[in-house]
Amino acid sequence: MARFSQPDPSRATRRTVLTALVAVIVISFAIAAVAGITVLLIGPEGDLMSRVLVTTLIVGGFSIGALSCLALWGRPAHSFGVAGAGVNAASAVVALISAWAEQGSDDFWRILNRLLVSGLIISAAWALAALMLLLSQRHRPIIRIGLAATLVALGVTTALAVAGVWWDAIADADIYPRALGTLGIVSALGVVVVPVLALLLRDSPATSVPQDFPADVANHLLETARRRGVSVAELVAPVLDEPTGSSSDHGRADQGSNGTTPTLEA
């Protein structure tokens with residue numbers, strides 16, 4: 001049975017932080033894109049053009065990775081998503097240094113290149129895992145088992161790939177390419193199959209609404225929630241999260257007995 005409760009005071013703060021993070025990522029990507037377009041249209045050809053274009057690709061690619069990780073914001077695995085956004089940001093810094101650095105010893109470039117490749121692998125895997133974790137609240141056993149197997153395979157594949165970057169003895173082993181390829185195929189299979197199963201096999205939604213709802217409203221909510229494969233609380237949550245209007249009548253209609261706005265929980 002759904003019930004009314006007071007909103008979480010920290011929800012607005014979390015949303016503000018998320019908005020700020022997304023704004024920083026999008027603005028950074030926009031600036032890099034404008035710089036790339038400018039160089040292509042009016043900039044001189046040569047090393048500078050190449051570096052600016054590479055910078056645009058770096059910022060764009062890692063921005064997509066960070067946004068993928070931040071898709072977990074507000075979910076149980078949001079800490080994993082925030083950490084993934086940080087990993088993408090750190091990897092972007094390494095990539096930018098690699099693109100713009102001009103001097104350095106052989107050891108410097110060797111370590112920098114290894115950091116760059118490792119950052120690319122870990123960032124891509126982290127972003128992919130974050131998107132997969134959007135299914136972590138699904139209850140069907142086949143989806144939960146498939147998700148767990150995919151994440152394990154993805155983690156082992158990532159660890160093995162990074163190990164091969166840093167230790168030549170591992171990369172030169174005869175079994176290394178076979179093991180890496182096999183795990184990579186298993187990971188790719190899970191990444192494709194599990195989301196498809198999640199689309200085809202939806203969880204049974206919660207089908208209760210407050211008893212004092214008008215019958216036509218309750219039926220409409222139940223039918224819409226059933227069609228979308230979500231609970232009634234999940235269906236109306238975005239509406240209840242919207243700020244109330246400035247009208248005093250509207251405000252009074254949305255407020256509870258103690259002057260606060262109720263929200264619907266499952």
Side-chain angles (χ1 to χ4, degrees), residues 2 18 21-22 25-26 29 57 60-88 91 118-162 164 176-208 220-239 241 265-266:
L18 176 61
L21 290 174
V22 172
I25 294 172
V26 172
F29 189 14
L57 293 176
F62 286 107
S63 294
I64 293 173
L67 288 174
S68 298
C69 293
L70 291 177
L72 289 174
W73 191 272
R75 295 173 179 265
H78 70 275
S79 297
F80 181 86
V82 173
V87 168
N88 274 268
S91 299
S118 299
L120 288 171
I121 295 172
I122 295 174
S123 297
W126 208 305
L128 191 56
L131 293 177
M132 293 296 295
L133 282 171
L134 293 174
L135 302 175
S136 62
Q137 293 179 291
R138 302 298 293 270
H139 299 296
R140 288 189 178 271
I142 188 172
I143 295 176
R144 298 183 70 87
I145 294 173
L147 176 61
T150 300
L151 292 176
V152 170
L154 185 60
V156 176
T157 303
T158 302
L160 193 59
V162 172
Y176 178 79
R178 296 176 183 270
L180 185 62
T182 301
L183 288 169
I185 292 173
V186 172
S187 300
L189 181 65
V191 166
V192 173
V193 172
V194 173
V196 172
L197 288 176
L199 287 175
L200 298 177
L201 304 175
R202 293 185 176 274
D203 291 335
S204 299
T207 57
S208 60
H220 179 71
L221 287 174
L222 291 172
E223 177 61 28
T224 304
R226 188 178 298 110
R227 186 172 63 252
R228 297 187 182 182
V230 298
S231 68
V232 174
E234 291 171 332
L235 177 69
V236 302
V239 177
D241 285 343
E265 297 181 348

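Note that the coordinates shown come from a computational prediction; the quantities given were computed from them, not determined experimentally. Throughout, residue positions are numbered sequentially from 1 according to the sequence presented.
The line from OG of Ser68 to CZ of Phe62 is 12.5 Å long, rounded to the nearest 0.5 Å. In this structure, OH on Tyr176 lies 5.0 Å from CG on Leu160, to the nearest 0.5 angstrom. Here the CG atom belonging to Leu151 is positioned 7.5 Å from the CZ atom belonging to Phe80, to the nearest 0.5 angstrom. Taken from OG in Ser136 to CG in Leu72, the straight-line distance is 7.0 Å, to the nearest 0.5 Å. How far CG of Leu147 is from CG of Leu197: 11.5 Å, rounded to the nearest 0.5 Å. Note that CD1 of Ile25 is 6.0 Å distant from OG of Ser63, once rounded to the nearest 0.5 Å.
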Requested in this report: Tell me, with the steps shown, if Leu134 and Leu131 meet side chain to side chain contact (heavy atoms under 4.5 Å, CB included).
Outcome: CA-CA 5 Å; Leu134 293 174; Leu131 293 177; 4.2 Å; yes
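Residues Ala153 and Thr157 share a closest heavy-atom pair of O-OG1, 2.6 Å. Contact record, Ala125 with Leu154: O-CD2, 3.6 Å, taken as the closest heavy-atom pair. Of all the heavy atoms in Ile143 and Arg138, the pair that sits closest is CG2-CB, 4.0 Å. A pairwise comparison of heavy atoms in Ala83 and Trp126 identifies CB-CZ2, 3.7 Å as the closest pair. The heavy-atom pair separating Ala198 from Leu135 by the smallest distance is CB-CD2, 3.7 Å. Considering every non-hydrogen atom in both Ser91 and Ser123, the closest pair reads OG-OG, 2.9 Å.
Taking a 6.0 Å sphere around CG of Leu57, one finds it holds more than 12 heavy atoms contributed by other residues, nucleotides or ligands.
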